[in-house]
**Student:** 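Quick one: structure below, then a few questions.
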Amino acid sequence: MAPRFAFGSRVSYSPPPRPRHAPGSSKDLTKMRMSQYFLPTLKETPAEAQIVSHRLMLRAGLIRQTSAGIYAWLPLGLRVLRNIERIVREEQDASGAQEVLMPTIQSADLWRESGRYDAYGPEMLRIKDRHEREMLYGPTNEEMITVLFRDGVKSYRDLPRNLYHIQWKFRDEVRPRFGVMRGREFLMKDNYSFDIDKEGARRSYNKMFVAYLRTFARMGLKAIPMRADTGPIGGDLSHEFIVLADTGESAVFCHRGLVDKDILSREIDYDSDLQPIVNEWTSLYAATDEMHDKAAFEKIPEGDRLAARGIEVGHIFYFGTKYSAPMNAIVTGPNGDSVNVEMGSYGIGVSRLVGGIIEASHDEAGIVWPETVAPFKVALLNLKPDDATVSAACQKLYDALGASGQVLYDDRDLRPGAKFADMDLIGIPWQVIVGPKGLVAGKAEVKNRKTGQREELAFDDVVPRLA
RNA sequence: CGGGGCGUAGCGCAGUCUGGUAGCGCGUCUGCCUUGGGCGCAGAAGGUCGUCGGUUCAAAUCCGGCCGCCCCGACCA
């Protein structure tokens, strides 16, 4: 029973780059055995799923549909969702925004104040409570946050403020589709900035602009900010962040140079003037279909023109006093006069991102998770679980990998082929493969899901390699 | 909201035209076998045929209402 090799005591590795405990949980979730995991994978594609991310999310056991455009998140999918949330939260906090949590259910009266209750139309899910009071399931939170702010802040000295929350929303889409990318119920990060004047609002806007660049980059996405329609307010303070993917919902046009720009290698000081960074990203042409300026696009050298399709994953928007005026969100200015606060709102489609990332990162065999959002960093495959020696070796690796990161262990009594297929499908970035063949030489195979590259490593070297 | 399609076992589907004891593949369960890319053999379980009504000796099949889901378009984070 005792393994013919020893490792563990000599192993050293750097501290884990990620928290060992899943956010919101006290239970150690760095290790999971597939024999105990609720992970219903599908060999065949359910008929209702058309696009690749939807198919893969169903097949890989991430979600199940419960109604049109409404989904339940299974353990593996929830881990991805939480990872995305975590990155969003970290970048919001870093930018100086503060987290709150507003309810999903709102009162109709609140929306009557802004005049949007009648204006919003059938996309708003309207409900009544037992007293026949009109309520609604929030599609967004401008009204609510404006009231919270109005009641809590009275002086320009308390500005600026930027409040965000990550909460489920509901929009009763006429035609939900594309799985979680256009569901009716969706998880969204939205925040709202409050400033005393337009210049302040622009600073707040710029912070979000940079925070968004960082947020999407950390998820392994190429998200390009594109000038968006500002409607009656005008100006240049509205951008959609678009992920390029062949299956994108809309046509987009941009300068190729934007694709390779890197934000993560820079030090960002949110107290400094961020305008130069914003200029750097907005000076190159980029527009969605609706905003496309053919003439401007054709001024770009032909080799640098990029016409592609994209998925909107974020939207930032300055809207001035659109809500603060009708809802009387007023502060006293430095001169003692009353000023309507200047507001902006900023959204990230958190649940949509799960689909968006898959659209941007998959292959024939399944999902290819970027490491930062992957449900587990490492998969451990035991190719012969009823062989005591193989299993003992796996158990040691399992414990060591779990101590340094996050590992999903396939200890099921299945044929190797089934395990390979499942692991490729669910897309864990690293696979550690242990079977009788390699064991004779004291080696495990480490496979990179994305590149397919394989390395034979001595058992002792596996954990340091993946640290 | 306009146009189209679908609803039969957990998943993928046949059967409906031409009414007559509900089938196939995968998955699941049991046993054997096998173990480096969804292996093989034997056996088994599992279905109010979306739902309500009508026609008929007899309805998955024909007729009507309703419900649900998907696709194209218009719309949208």
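Protein chains get the first letters and strands the later ones, always in sequence-line order, with residue 1 at the start of each.
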**Student:** Using the C1' atom as the reference point in each nucleotide, state the distance between B:C52 and B:C67 in Å, no decimals.
**Tutor:** 10 Å
**Student:** Between A:Asn191 and A:His165, is there a side-chain donor-acceptor contact under 3.5 Å, judged purely by atom types and distance?
**Tutor:** no
**Student:** Is B:C62 paired to anything, Watson-Crick or G-U wobble with both distances less than 3.5 Å, and if yes, which nucleotide?
**Tutor:**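 Matched B:C62 with B:G54 under the 3.5 Å cut-off.
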**Student:** Which whole number of Å gives the distance between the C1' atom of B:A44 and that of B:C72?
**Tutor:**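 Per the computed distance, 45 Å lies between those C1' atoms.
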**Student:** When rounded to the nearest Å, what value does the distance between P atoms of B:C26 and B:C39 take?
**Tutor:**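 Going atom to atom, P in each nucleotide, I get 10 Å.
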**Student:** Which value, in whole Å, describes the distance between the P atoms of nucleotides B:G23 and B:U48?
**Tutor:** 14 Å
**Student:** Ion pair present between A:Glu142 and A:Arg116, side-chain N to carboxylate O less than 4.0 angstrom?
**Tutor:** yes
**Student:** Specify the residue among A:Glu123 and A:Arg59 whose closest nucleotide of RNA chain B lies further upstream toward the 5′ end.
**Tutor:** A:Arg59
**Student:** Out of B:C13, B:C1, B:A77, which nucleotide sits closest to the side chain of A:Ala47?
**Tutor:** B:C13
**Student:** Starting at CZ of A:Arg177 and ending at C1' of B:C75, how long is that distance when rounded to a whole Å?
**Tutor:** 8 Å
**Student:** Is the shortest side-chain N to carboxylate O distance from A:Lys31 to A:Asp399 below 4.0 Å?
**Tutor:**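 Counted as a salt bridge, because a side-chain N and a carboxylate O are separated by less than 4.0 Å.
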**Student:** So what's B:C17 paired with, Watson-Crick or G-U wobble, going by both distances under 3.5 Å?
**Tutor:**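 Answer to the pairing question: none, since B:C17 forms no Watson-Crick or G-U pair.
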**Student:** How many whole angstroms separate atom OH of A:Tyr120 from atom C1' of B:C75?
**Tutor:** 12 Å
**Student:** Just how far, in rounded Å, is P of B:G38 from CZ of A:Arg412?
**Tutor:**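 Roughly 15 Å, once rounded to whole Å.
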**Student:** Whole angstroms only, please: what is the CZ-C1' distance between A:Phe317 and B:C76?
**Tutor:** 14 Å
**Student:** For A:Ala374, is there any backbone N or O sitting under 3.5 Å from a side-chain donor or acceptor partner on A:Asn83?
**Tutor:**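 Yes; at least one donor-acceptor contact below 3.5 Å.
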**Student:** Surrounding CG of A:Asp246 (heavy atoms of other residues, nucleotides or ligands, distance under 6.0 Å), is the total greater than 12?
**Tutor:** no
**Student:** Any idea which of B:A77, B:C70, B:G37 is nearest the A:Phe186 side chain?
**Tutor:**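 So the side chain of A:Phe186 is nearest to B:A77.
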**Student:** Which nucleotide in the set B:C70, B:A77, B:G36 lies at the smallest distance from any side-chain heavy atom of A:Gln50?
**Tutor:**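 The answer is B:C70.
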**Student:** Could you work out the separation of B:G15 and B:C69 based on their P atoms and round it to a whole Å?
**Tutor:** 26 Å
**Student:** Tell which nucleotide pairs with B:C6, taking only Watson-Crick or G-U wobble pairs whose two distances are both under 3.5 angstrom.
**Tutor:** B:G68
**Student:** May I ask you to verify whether the side chain of A:Arg171 and the base of B:C76 hold a donor-acceptor pair under 3.5 Å?
**Tutor:**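 When only heavy-atom distances are counted, A:Arg171 does not reach the base of B:C76 through any donor-acceptor pair under 3.5 Å.
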**Student:** In whole Å, what separates the P atom of B:G68 from that of B:U51?
**Tutor:** 15 Å
**Student:** Starting from P on B:C33, measure out to CG on A:Leu414 and report it in whole angstrom.
**Tutor:**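 Distance, rounded to whole Å: 18 Å.
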**Student:** Looking only at the side chain of A:Pro416 (C-beta and beyond, no hydrogens), which of the listed nucleotides B:G38, B:A77, B:G36 gets closest?
**Tutor:**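 For A:Pro416, the side-chain atoms sit closest to B:G36.
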**Student:** Taking a pair as Watson-Crick or G-U wobble with both distances under 3.5 Å, which nucleotide is matched to B:C41?
**Tutor:**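 WC or wobble partner is B:G31.
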**Student:** Within the 4.0 Å heavy-atom criterion, would you say A:Asp387 contacts the bases, only the backbone, or no part of the nucleic acid?
**Tutor:**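 If one applies the 4.0 Å heavy-atom cut-off, A:Asp387 turns out to touch nothing in the nucleic acid.
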**Student:** Let's test your reading of the model: under 3.5 Å, does the base of B:U34 pair with the side chain of A:Arg415 as donor and acceptor?
**Tutor:**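 Flag set: donor-acceptor pair detected.
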**Student:** Using a 5.5 Å cut-off between ring centres and planes within 30 degrees, is A:Phe420 stacked on the base of B:G36?
**Tutor:** no
**Student:** Which one is paired to B:G46, where only Watson-Crick or G-U wobble pairs with both distances under 3.5 angstrom count?
**Tutor:**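 Partner of B:G46: none.
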**Student:** Taking the minimum atom-to-atom distance to the side chain of A:Ala68, which one of B:G38, B:A77, B:C70 wins?
**Tutor:** B:C70
**Student:** May I have the distance from A:Arg182 (atom CZ) to B:C72 (atom P), rounded to whole angstrom?
**Tutor:**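 Taking CZ of A:Arg182 and P of B:C72, I get 11 Å after rounding.
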**Student:** Donor-acceptor check, side chain of A:Ser361 to backbone of A:Ile357, threshold 3.5 angstrom: yes or no?
**Tutor:**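 No: the side chain of A:Ser361 does not pair with the backbone of A:Ile357.
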**Student:** So, A:Phe209 versus A:Phe241, ring centres under 6.0 angstrom or not?
**Tutor:**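 Yes, they do, as the ring centres are separated by less than 6.0 Å.
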**Student:** Between A:His54 and A:Leu187, which residue's closest nucleotide on RNA chain B lies nearer the 5′ terminus?
**Tutor:**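 Looking at the nearest nucleotide for each, A:His54 comes out on the 5' side.
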**Student:** Taking the side chain of A:Lys43 as heavy atoms from C-beta outward, which of B:C26, B:A77, B:U35 is closest to it?
**Tutor:** B:C26
**Student:** Can you tell me the base-pairing partner of B:A74? Count Watson-Crick or G-U wobble geometry only, both distances below 3.5 Å, and say none if there is no partner.
**Tutor:**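 Partner of B:A74: none found under 3.5 Å.
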**Student:** Report the distance from atom CZ of A:Arg55 to atom P of B:G12, rounded to the nearest whole Å.
**Tutor:**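 My rounded result for the distance is 12 Å.
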**Student:** Between A:Leu383 (CG) and B:C39 (C1'), how many Å, whole number?
**Tutor:**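 Answer to the nearest Å: 15 Å.
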**Student:** Counting heavy atoms from C-beta on, name the nucleotide in B:G37, B:C26, B:C1 closest to the side chain of A:Glu44.
**Tutor:**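 The answer is B:C26, which lies nearest to the side chain.
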**Student:** Distance check, P atoms only: B:U30 and B:G46, in whole angstrom units.
**Tutor:**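 The answer is 16 Å between these two P atoms.
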**Student:** As a test of reading the structure: which of B:C72, B:G36, B:G37 is closest to the side chain of A:Glu445, going by heavy atoms?
**Tutor:**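 In terms of side-chain proximity for A:Glu445, the closest of B:C72, B:G36, B:G37 is B:G36.
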**Student:** Has A:Gln65 got a side-chain N or O lying under 4.0 Å from the OP1 or OP2 atom of B:C70?
**Tutor:** yes
**Student:** Expressed in whole Å, how much space separates the P atoms belonging to B:A59 and B:C17?
**Tutor:**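 About 14 Å, rounded to a whole number of Å.
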**Student:** So which nucleotide from B:G38, B:C75, B:C70 ends up closest to the side chain of A:Ala418?
**Tutor:**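 Between B:G38, B:C75, B:C70, the one nearest the side chain of A:Ala418 would be B:G38.
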**Student:** Closer than 4.0 angstrom, basic N to acidic O: yes or no for A:Glu445 and A:Arg454?
**Tutor:** yes
